[in-house]
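Remarks on the structure that follows.
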Amino acid sequence: MSRRAMAVVVGAVVVAAALLAGVRMATSTGSFAAKTAWGEPDLTGVWRAARLGADSERDTFNLAKLEALYTSEARARMKTLSANDDPTMRCAPPLFPRAAMLGHSVQIIQRPGFAFVFTEAYPVYRIIPTTGRAHTAPQYLFPTHMGDSTARWEGDTLVVDVISFNGEGWLASPLDKPTNASTGVWLTSDALHVVERWRRVDADTLEYQARVEDPNTLTMPWETPAITFIRQPIERIEEVLCRPEDGPDTYLARLGS
């Protein structure tokens, strides 16, 4: 091999080693340097997390803690409800953080000043300003299933503040019963306030965590565990429509649940 060819090979090895070292450094420090063309941390992609939940033997969503935080008034109301009262039974979209625990894909698209979050299960979208602007003015603020979001960047983390919920959403599924005494009812009210943290850990990993406050139903704030989303090798999510006449079991089966 000529000296020139040898130099090229050595140079390529050095560059590759440097790139790998950079990836390792990013992973070990919990930060990832990928940026959008306009300089924001890049969260773009299709991401999917494992299904989380709870039963009497295993609680992967910290629901035992949530259940213990419900007020006596909320508990009394929860005893009057059943799985049939879950809003998703009528194809209402689950709010975040519940939407993050379903085990189905979400897609994030970014544009200057905005992040768009699309969900595959109970398909819906969120338009999130990322400039730290105030929430929608009160005269134009209407309660919805997904709430009104605004966000700011704290280093490499997108911190999303969400208010103006309609009080119809549940924080988990009727199937989630962390204790034998659990009702499987996970109420919220229109006083719900959620703060989400989205962070790109490395090239193929996105982390999500939420803090939930609801003074009308909870005695203290509740925090979810960190949820790990893995990049999916596809360009877009599918749109699988939910029809109440099909029933939720049929709908989730079509999603591959």
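Note that the numbering runs from 1 along the sequence shown for the chain.
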>> What verdict does the side chain to side chain contact (heavy atoms under 4.5 Å, CB included) test give for Gln232 and Ile230, after you've listed the backbone C-alpha separation in whole Å, the side-chain angles of each residue and the deciding distance to 0.1 Å?
In response: CA-CA 6 Å; Gln232 302 300 294; Ile230 302 301; 4.2 Å; yes

>> Walk me through whether Thr150 and Ile163 qualify under side chain to side chain contact (heavy atoms under 4.5 Å, CB included).
In response: CA-CA 9 Å; Thr150 188; Ile163 62 170; over 6 Å; no

> Are Trp170 and Asp85 close enough that some pair of their side-chain heavy atoms sits under 4.5 Å apart?
Replying inline: yes

> Do Asp190 and Asn166 come close enough that some side-chain heavy atom pair is under 4.5 Å?
Replying inline: no

> Of the options His104, Glu238, Glu239, which is the one that meets Pro123 in a side-chain contact (heavy atoms from CB on, under 4.5 Å)?
Replying inline: Glu239

> Any chain of hydrophobic side-chain contacts (each under 4.5 Å) joining Leu95 to Leu81?
Replying inline: yes

>> Just verifying a value: how many Å separate Leu102 CG and Arg48 CZ, rounded to the nearest 0.5 Å?
In response: 10.0 Å

> Any donor and acceptor pair, going by atom type alone, linking the side chain of Thr183 with main-chain N or O of Lys79 inside 3.5 Å?
Replying inline: no

> Does the salt bridge (Lys or Arg N to Asp or Glu O under 4.0 Å) test come out yes or no for Glu154 and Arg152, once each step is laid out?
Replying inline: CA-CA 7 Å; Glu154 291 185 358; Arg152 66 187 185 278; 2.7 Å; yes

> Between CH2 of Trp153 and OG1 of Thr130, what distance do you get to the nearest 0.5 Å?
Replying inline: 6.5 Å

> Quick check: does any side chain N or O of Glu196 sit under 3.5 Å from a backbone N or O of Phe96, one acting as donor and the other as acceptor?
Replying inline: no

> Looking just at side-chain N and O atoms, do Asp214 and Thr188 make a donor-acceptor pair shorter than 3.5 Å?
Replying inline: no

> How far apart are the closest heavy atoms of Ala74 and Thr217, and which atoms are they?
Replying inline: CB-O, 3.8 Å

> Are Phe229 and Val124 connected, step by step, through hydrophobic side chains (Ile, Leu, Val, Met, Phe, Trp, Tyr) whose heavy atoms are closer than 4.5 Å?
Replying inline: yes

> Is the NZ or CZ atom of Arg98 positioned over Trp186's six-membered ring, under 6.0 angstrom from the centre and within 45° of the axis?
Replying inline: no

> Where the side chain of Asp55 meets the backbone of Arg58, is there a donor-acceptor pair that is under 3.5 Å apart?
Replying inline: yes

>> When you group the ILVMFWY residues by side-chain heavy-atom contacts below 4.5 Å and let the links chain together, are Trp47 and Leu52 in the same group?
In response: yes

>> For Ala50, give me all partners under side chain to side chain contact (heavy atoms under 4.5 Å, CB included), at least two apart in sequence or on another chain.
In response: none

> Between OG1 of Thr205 and CZ of Arg199, what distance do you get to the nearest 0.5 Å?
Replying inline: 10.0 Å

>> Do Met101 and Leu69 land in one hydrophobic cluster if side-chain heavy atoms of ILVMFWY residues count as linked below 4.5 Å?
In response: yes

>> Tell me if the OH atom of Tyr125 is crowded by more than 12 foreign heavy atoms within 6.0 Å.
In response: no

> Are Val212 and Pro221 side-chain neighbours, meaning at least one heavy-atom pair lies under 4.5 Å?
Replying inline: no

> So, the side chain of Asp176 versus the backbone of Gly184: is there a donor-acceptor pair under 3.5 Å, distance only?
Replying inline: no

> Taking NZ, NE, NH1 and NH2 as the nitrogens, is one of them in Arg75 or Glu73 under 4.0 Å from a carboxylate oxygen of the other?
Replying inline: no

>> Less than 4.5 Å apart, side chain to side chain, heavy atoms only: is that true for Ser164 and His135?
In response: no

> At their closest point, which heavy atom of Gly45 faces which heavy atom of Arg231, and how far apart are they?
Replying inline: CA-NH1, 3.7 Å

> Under 4.5 Å between side-chain heavy atoms, hopping through other hydrophobics if needed: is there a path connecting Val162 to Leu66?
Replying inline: yes

>> Is the distance from the ring center of Trp222 to that of Phe61 below 6.0 Å?
In response: yes

> Has the side chain of Gln110 got a donor or acceptor atom that lies under 3.5 Å from a matching backbone atom of Ala115?
Replying inline: no

> Going from OG1 on Thr71 to CE on Met220, what distance comes out if it is rounded to the nearest 0.5 angstrom?
Replying inline: 14.0 Å

> Do you know the tightest heavy-atom contact between Pro97 and Ala210?
Replying inline: CB-CB, 3.9 Å

> What are the two closest heavy atoms between Phe114 and Ile127, and how far apart are they?
Replying inline: CD2-CG2, 3.9 Å

>> So for atom CZ, which belongs to Arg111, do other residues, nucleotides or ligands contribute more than 12 heavy atoms lying within a distance under 6.0 Å?
In response: no

>> Considering only residues two or more places apart or on different chains, which pairs with a residue in residues 47-166 satisfy disulfide bond (SG atoms under 2.5 Å apart)?
In response: Cys91-Cys242

> Glu207 versus Ile227: any side-chain heavy-atom pair under 4.5 Å?
Replying inline: no

> Is the closest side-chain heavy-atom distance between Phe165 and Thr144 below 4.5 Å?
Replying inline: no

>> Is it the case that atom CD in Glu57 sees more than 12 heavy atoms from other parts of the structure closer than 6.0 Å?
In response: no

> So is Arg126 actually on top of Phe118's ring, under 6.0 Å and inside 45° of the axis?
Replying inline: no

> Would you find a donor on one side and an acceptor on the other, under 3.5 Å apart, between the side chain of Tyr70 and the backbone of Leu187?
Replying inline: yes

> With a 3.5 Å cut-off and no angle check, do the side chains of Asp148 and Thr136 form a donor-acceptor pair?
Replying inline: yes

>> Are the side chains of Asp42 and Lys35 in contact, using a 4.5 Å heavy-atom criterion?
In response: no

> Just wondering, do Asp161 and His193 contact through their side chains at under 4.5 Å, heavy atoms?
Replying inline: yes

> Mind checking whether Tyr208 and Trp198 have parallel, tilted or perpendicular rings, split at 30° and 60°?
Replying inline: perpendicular

> For the residue pair Gln209 and Ala226, what are the closest heavy atoms and their distance?
Replying inline: NE2-N, 3.9 Å

> How many angstroms lie between CG in Asp59 and NZ in Lys177, if you round to the nearest 0.5 Å?
Replying inline: 14.5 Å

> For the atom pair CG (Asp202) and CG (Leu206), what is the distance rounded to the nearest 0.5 Å?
Replying inline: 10.0 Å

> What are the two closest non-hydrogen atoms of Leu63 and Gly53, and how far apart are they?
Replying inline: CD1-C, 4.3 Å

>> Under a 3.5 Å distance rule, please check whether Thr157 uses its side chain to pair with a backbone N or O of Val159 as donor and acceptor.
In response: no

